[in-house]
Amino acid sequence: MSKISFFKNVERNFDKAAKYTQLHEGLLAQIKVCNSVYEMRFPVRVNGEYKVIEAYRVQHSHHRMPTKGGIRFSSNVNQDEVMALAALMTYKCAIVDVPFGGAKGGVRINPFALDEVSLQSITRRYTTELIRKKFIGPGIDVPAPDYGTGEREMAWILDTYQAFHHGEVDAVACVTGKPVNQNGIRGRTEATGRGVYYGIREALSFEEDVKALGLQPGIGGKTMIVQGLGNVGSYASRIAIEEGGAKLIGVAEYEGSVYNENGIDVDALLEYRKEHKTILGFPGAISSKDNKKILEEECDILIPAALESQITQENAGRIKAKIIAEAANGPVTPEAEDILSAKGVMIIPDMYINAGGVTVSYFEWLKNLSHIRFGRMDKRFNNNTYRNLVGLVERLTGKTIEEREKEFLTRGADEIDLVRSGLEETMITSYNHIRETKKSIKQIETLRTAAFVTALNKVRNDYLSLGIFP
Ligand code: NAD
């Protein structure tokens, strides 16, 4: 796995799309490279021992500021991986019209093998290194969670940043994905998974596209297999089941896989894993210690939501899913995509389908800069206006509307309603842009190439309008 260069894979996909953009070669080269790569080593005390920690922050593109991207804690972190993830962030932001350049951070540790005290020391020291080099700040570079990190780490980052920026009024906008009680936003934790759901639902709504896959339109009743039941995988499955009526039949985790053709209850499985420290033996399901084979089972939608390079030329030929939704970043290698596309599999690319996280991070950043919760100013006003309208309808018709219906019709939007609605709008609009690009250029074969072309055209517009300094 380590032999596959993730960054080269991103470049390969970039090159495939570049020829449809009519962009000057020099400009393409500028868009493609990583603008700043910061590699660092710092000492931390873990259980009384000195440890040297290897870490990175890469800012791929400064065409829009601040740059934005998650921080990954994993023992596989390396410069190539962080560069690839940073590049994907640039294209992702462009696709969903989030006005940021792409960035990514990585710390080479196994977070699951470290206690909370050590993790906090590492997170705070990493943040301090970023502060020292001006690689973090509300208008400079804004991290967020990724694999192995979550709101707990984001709160530590915020606290460290604030310690060094006492009195800076916008300091809380230096990081997103924070706990709600620490200036986070409702709906951020579920955002990437929810976005995956909206994206799949939209892709399945076009009769012409879906029929070509031998499926009926709509997500209801579709079978799903998910790899990785972490933040993204668990929310994507839960929401697809609860709101879309899909059926989860298989789950792959680190320790193995479980399969049940009658459906798997995500929450019960997560509860079981918490208690038994494994998904194996989950009641009613077939368990296997092999966590890769299950990706090859018959299903409508395969959702790789763990790490990159999971579907390669080695196993692509055996994949039977009709749709692959790349919830993780880079789970399908370019060679595998060639094999799958030849078989007619629809791949909904990472840079679109997992963009829900950065979209809601953008909403959080806006909330932080405006220093007010969304909905606070207008919720009651709307509520009163709708109540007056309903009252007027009742008086004019002489009929009474039931209290439950009245409540539904007159409620003003809370922050969570606005965040979900903004995310839904973003995922629908962006999918349609990508689909239109694919339809307008007949030679484009995949949604990934169409997504890249869409992104490159938007980044190009910035360069052309701004010019090049000096
Ligand atoms: P996470 O740490 O919450 O969950 C990842 C899960 O994958 C864990 O449960 C882990 O045990 C499991 N896993 C690891 N290796 C596995 C393997 N070989 N087989 C099966 N399962 C395995 O991470 P996350 O935040 O859910 O991120 C998952 C992916 O989604 C990453 O590629 C990340 O870059 C991408 N992503 C995350 C976000 C976000 O907001 N968190 C946003 C965009 C993209």
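Note that ligands are numbered from 1 as they come in the structure, with each ligand's atoms numbered from 1 the same way.
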Pairs of nitrogen or oxygen atoms closer than 3.5 Å, one from [X] and one from ligand 1: do any exist?
X    : answer
N354 : no
V232 : yes
G148 : yes
D146 : yes
N231 : yes

Sub-4.0 Å heavy-atom approach of E326 to ligand 1: no
For R72, is the nearest heavy atom under 4.0 Å from an atom of ligand 1? yes
Using a strict 4.0 Å threshold on nitrogen-to-oxygen distance, state whether [X] and [Y] make a salt bridge.
X    : Y    : value
R273 : E255 : yes
D159 : R124 : yes
R238 : E190 : no

From CA spacing to verdict: side-chain hydrogen bond (donor to acceptor under 3.5 Å, both in side chains), S361, R188: CA-CA 7 Å; S361 271; R188 172 60 184 90; 2.9 Å; yes
Contact partition for [X] relative to ligand 1, non-hydrogen atoms under 4.0 Å:
X    : result
R188 : side chain
N329 : both
A305 : backbone
A327 : backbone

What is the nearest protein non-hydrogen atom to atom 15 (N) of ligand 1, stated with its residue, atom name and distance? Y254 CD1, 3.5 Å
What residue and atom, counting heavy atoms only, is the protein's closest point to atom 39 (C) of ligand 1, and at what distance? T192 OG1, 3.4 Å
For a quick check under 3.5 Å, do S118 and K51 share a side-chain donor-acceptor pair by atom type? no
Residue pair T454 / T437, side-chain donor-acceptor N/O under 3.5 Å: yes
Which pairs count as ring-ring contact (aromatic ring centres under 6.0 Å, His included) when at least one residue sits in residues 54-88, sequence neighbours excluded? H60-Y91
Per atom 11 (O) of ligand 1, closest listed option by heavy atom (E253, M351, Q227): E253
Option nearest atom 13 (N) of ligand 1 (shortest heavy-atom distance, choices G69, A306, P111): A306
Taking CD in E445 as the centre, count heavy atoms belonging to other residues, nucleotides or ligands within less than 6.0 Å. Is the count above 12? no
